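Protein chains get the first letters and strands the later ones, always in sequence-line order, with residue 1 at the start of each. No experiment lies behind these values; they were computed from the predicted model shown.
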Amino acid sequence: MKELTSFQKRVYTVVKQIPCGKTRSYAWVACKIGKPHAVRAVGTALKNNPFTIIVPCHRVVHSNGAIGDYALGADLKKKLLETESDRRNKIKIKRIR
DNA sequence: AAGTAAGAAATTT
DNA sequence: AAATTTCTTACTT
């Protein structure tokens, strides 16, 4: 089994705090964790991230607006972001009965 | 020592 | 102006 490295923990902690419907850049996360130049390390950490679903890593994009990459496919990531941004999609949980 | 889910800049179209 | 490509830098493992 694996324990997360300290850097990964820090990255996940920050990324987990990104509000829904918003996006942040890798640089933003890197800055938050105290290493504004560790942008690539952040990406690498997220890719090694076993919590790809638990951590909103799909809300992390390039600083210039590019979609970046995603373990499950950048295409899916883009879709997720659009859906979250819309925020009025069919998320309305239909109350059963 | 080797690799990277980035960034910025430069170039091309 | 927008898109694509290339190189650089710093970080982690």
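Residue Ile33(A) contributes atom CD1, which lies 10 Å from atom P of dC11(C) at whole-angstrom precision. The CG atom of Asn48(A) sits 15 Å away from the P atom of dG3(B) (whole-angstrom rounding). The distance between atom NE2 of His37(A) and atom P of dT9(C), rounded to the nearest whole Å, is 12 Å. Spacing between atom CG of Asn49(A) and atom P of dT4(B) amounts to 17 Å, rounded to whole angstrom units. One atom, CD of Glu3(A), and another, P of dT13(C), lie 13 Å apart when rounded to the nearest Å. Protein atom CG of Leu46(A) is 17 Å distant from nucleotide atom P of dC11(C), rounded to whole Å.
Between Ile18(A) atom CD1 and His58(A) atom NE2 the span is 9.0 Å, to the nearest 0.5 Å.
Base engagement by Lys47(A) is indicated by at least one non-hydrogen atom pair under 4.0 Å involving a base atom.
Legend: salt bridge (charged side-chain N to carboxylate O under 4.0 Å, His left out) pairs involving residues 41-62 of chain A, not counting sequence neighbours, sorted by first then second residue: Arg59(A)-Glu84(A). Screening residues 10-19 of chain A for side chain to side chain donor-acceptor pair (under 3.5 Å), with sequence neighbours left out, gives Gln8(A)-Tyr12(A). Listed by first then second residue, pairs satisfying salt bridge (charged side-chain N to carboxylate O under 4.0 Å, His left out) with a partner in residues 17-27 of chain A number zero, not counting sequence neighbours.
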Does the protein touch nucleotides 6-13 of chain B at the base, only the backbone, or not at all? Give it as B, S and - per nucleotide, heavy atoms under 4.0 Å.
BSS-----
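Environment of CG in Asn64(A): crowded, with over 12 heavy atoms of neighbouring residues, nucleotides or ligands closer than 6.0 Å.
Base pairing in DNA chain B yields stems of at least 3 consecutive Watson-Crick or G-U pairs, both distances under 3.5 Å, namely B:1-4 with C:10-13, B:6-13 with C:1-8.
Applying the side-chain contact (heavy atoms from CB on, under 4.5 Å) test to Lys9(A) and every residue at least two apart in sequence or in another chain returns Leu4(A). Thr23(A) meets the side-chain contact (heavy atoms from CB on, under 4.5 Å) test with Val61(A), Leu81(A); sequence neighbours excluded. Qualifying side-chain contact (heavy atoms from CB on, under 4.5 Å) partners for Ala74(A), counting only residues two or more places apart in sequence or in other chains: Ile67(A), Asp69(A).
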Considering only distance and modelled atom types, tabulate donor-acceptor pairs under 3.5 Å from the side chains of residues 31-40 of chain A, sequence neighbours left out.
none

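Leu80(A) forms part of a hydrophobic cluster together with Ile53(A), Tyr70(A), Leu72(A), Leu76(A), judged by ILVMFWY side-chain heavy-atom separations under 4.5 Å.
Of the possible polar contacts, one joining the Asn48(A) side chain to the Thr44(A) backbone as a donor-acceptor pair under 3.5 Å is found.
Only at 4.0 angstrom or more do the heavy atoms of residues 10-18 of chain A sit from any atom of DNA chain C, so none qualifies.
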